Novice: 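Just dropping this structure here.
What you see is a predicted model; the values in this text were computed from it and never measured. Heavy atoms only: backbone and side chains are in, while hydrogens, waters and symmetry mates are out.
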Amino acid sequence: MSDMTTKAREVFAADHYATDLTGIAIASVSEHEATCTLTLAAKHCNARGVAMGGALYTLADFAAAIAANSDSMEDGILHWVSLNATAHYLSPAPMGTMVKATCRALKHGRSTALYHTIIESLDNGNLLAVVETTMVYV
């Protein structure tokens with residue numbers, strides 16, 4: 001495990017909504033890139049028994065926050081936050097599915113950045129969602 005991954009796990013353990021309540025795990029972190037996983041439980045699914053858009057969005061938002069802050073976590077201060085995001089939900093994922101979000105910077109500037117997140121099923125490889133997130137330095 002990389003030092004960046006270890007540091008991200010330390011720093012983002014304070015994000016109780018994503019880590020404790022939702023159950024997202026940080027798989028790996030490198031500069032301006034993060035991968036997170038989540039196993040879909042009943043609490044993540046809608047009345048149809050498939051992933052709620054909000055659960056997938058939370059996964060993407062968390063991965064983007066980690067990726068954007070990856071090079072500035074050493075001081076423990078998270079400077080980058082989401083300004084807006086657009087999610088495209090492409091395929092349903094039933095309860096029990098393990099999903100992976102891979103987020104990468106398309107552009108990381110001094111005060112704004114654009115991140116691209118792909119969410120896919122680790123069970124069958126289906127592409128579930130694509131999320132574009134604009135981040136702002138605060």
Novice: If you round to the nearest 0.5 Å, how far is CG of Leu59 from OG1 of Thr37?
Specialist: 8.0 Å
Novice: Are there over 12 heavy-atom neighbours, none belonging to Lys107, within less than 6.0 Å of that residue's NZ?
Specialist: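 It does not: Lys107 NZ has 12 such atoms or fewer within range.
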Novice: Linking I/L/V/M/F/W/Y whenever their side-chain heavy atoms sit closer than 4.5 Å, directly or via other members, would Leu56 and Val130 fall into one cluster?
Specialist: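 No, because Leu56 and Val130 fall into different hydrophobic clusters, even though each may have its own neighbours under 4.5 Å.
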Novice: Is it true that, when you exclude Met95 itself, more than 12 heavy atoms of the residues, nucleotides or ligands shown sit nearer than 6.0 Å to its CE?
Specialist: no
Novice: A side-chain contact here means heavy atoms from C-beta on lying under 4.5 Å apart; do Glu132 and Leu106 qualify?
Specialist: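 Glu132 vs Leu106: side chains touch.
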Novice: What closest approach, in Å, do Leu78 and Met73 show between heavy atoms, and which atom pair accounts for it?
Specialist: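 Closest pair (atom of Leu78, atom of Met73, distance): CD2-CG, 4.4 Å.
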Novice: Show the nearest heavy-atom pair for residues Gly53 and Tyr89, with the distance to one decimal.
Specialist: O-OH, 3.0 Å
Novice: Does a donor on one side chain sit under 3.5 Å from an acceptor on the other, for Asp3 and Thr6?
Specialist: no
Novice: For the residue pair Ser91 and Asn126, confirm or rule out a side-chain donor-acceptor distance under 3.5 Å.
Specialist: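 There is no such pair (donor and acceptor under 3.5 Å, judged by atom type) between the side chains of Ser91 and Asn126.
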Novice: Can you check whether Thr117's main-chain N or O pairs, donor with acceptor, with Arg104's side chain at less than 3.5 Å?
Specialist: no
Novice: Any donor and acceptor pair, going by atom type alone, linking the side chain of His108 with main-chain N or O of Ala105 inside 3.5 Å?
Specialist: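 Absent.
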Novice: For residues 61-72, run the donor-acceptor check on the side chains, cut-off 3.5 Å, and write out each pair with its distance to 0.1 Å, sequence neighbours left out.
Specialist:
{"from": "Asp61", "atom 1": "OD1", "to": "Ser82", "atom 2": "OG", "distance (Å)": "2.6"}
{"from": "Asn69", "atom 1": "OD1", "to": "His79", "atom 2": "N", "distance (Å)": "3.0"}
{"from": "Asn69", "atom 1": "OD1", "to": "Trp80", "atom 2": "N", "distance (Å)": "3.0"}
{"from": "Asn69", "atom 1": "ND2", "to": "Ala65", "atom 2": "O", "distance (Å)": "2.8"}
{"from": "Asn69", "atom 1": "ND2", "to": "Trp80", "atom 2": "O", "distance (Å)": "3.0"}
{"from": "Ser70", "atom 1": "OG", "to": "His32", "atom 2": "N", "distance (Å)": "2.7"}
{"from": "Ser70", "atom 1": "OG", "to": "Ala67", "atom 2": "O", "distance (Å)": "2.8"}
{"from": "Asp71", "atom 1": "OD2", "to": "His32", "atom 2": "NE2", "distance (Å)": "3.3"}
{"from": "Ser72", "atom 1": "OG", "to": "Asn69", "atom 2": "O", "distance (Å)": "3.4"}

Novice: Ignoring hydrogens, what is the shortest heavy-atom contact between Pro92 and Leu128? Give both atom names and the distance.
Specialist: O-CD2, 3.8 Å
Novice: Give a yes or no answer on whether the side chain of Thr22 reaches the backbone of Thr19 with a donor-acceptor pair at less than 3.5 Å.
Specialist: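 Not confirmed, Thr22 side chain does not pair with Thr19 backbone.
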Novice: Would a hydrophobic clustering, with Ile, Leu, Val, Met, Phe, Trp and Tyr connected at side-chain separations under 4.5 Å, put Tyr115 with Val131?
Specialist: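 No, it is not one cluster - the side chains of Tyr115 and Val131 are not joined through contacts under 4.5 Å.
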Novice: Which heavy atom of Thr5 sits nearest to which heavy atom of Ala27, and what is that distance?
Specialist: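 Closest approach of Thr5 to Ala27, heavy atoms only: CG2-O, 3.9 Å.
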Novice: If Ile, Leu, Val, Met, Phe, Trp and Tyr residues are connected whenever their side-chain heavy atoms lie under 4.5 Å apart, and connections chain through other members, are Ile118 and Leu90 in the same group?
Specialist: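 Looking at the clustering, Leu90 is in the same group as Ile118.
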Novice: Taking all non-hydrogen atoms of both residues into account, name the closest pair between Asp123 and Thr97 and its distance.
Specialist: OD2-CA, 3.1 Å
Novice: When you measure from the side chain of Lys100 to the backbone N and O of Leu38, does any donor-acceptor pair fall under 3.5 Å?
Specialist: no
Novice: What's the spacing between Met135 CE and Leu83 CG if we round to 0.5 Å?
Specialist: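 Reported value, rounded in 0.5 Å steps: 9.5 Å.
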Novice: Kindly work out whether a path of hydrophobic side-chain contacts (I/L/V/M/F/W/Y, heavy atoms less than 4.5 Å apart) joins Val50 to Val99.
Specialist: no
Novice: To the nearest 0.5 Å, how far apart are OG in Ser28 and CD in Glu33?
Specialist: 7.0 Å
Novice: Using every non-hydrogen atom in the two residues, find where Leu40 and Ala51 come nearest and quote the distance to one decimal.
Specialist: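 The pair with the smallest heavy-atom distance is CD1-CB, 3.6 Å.
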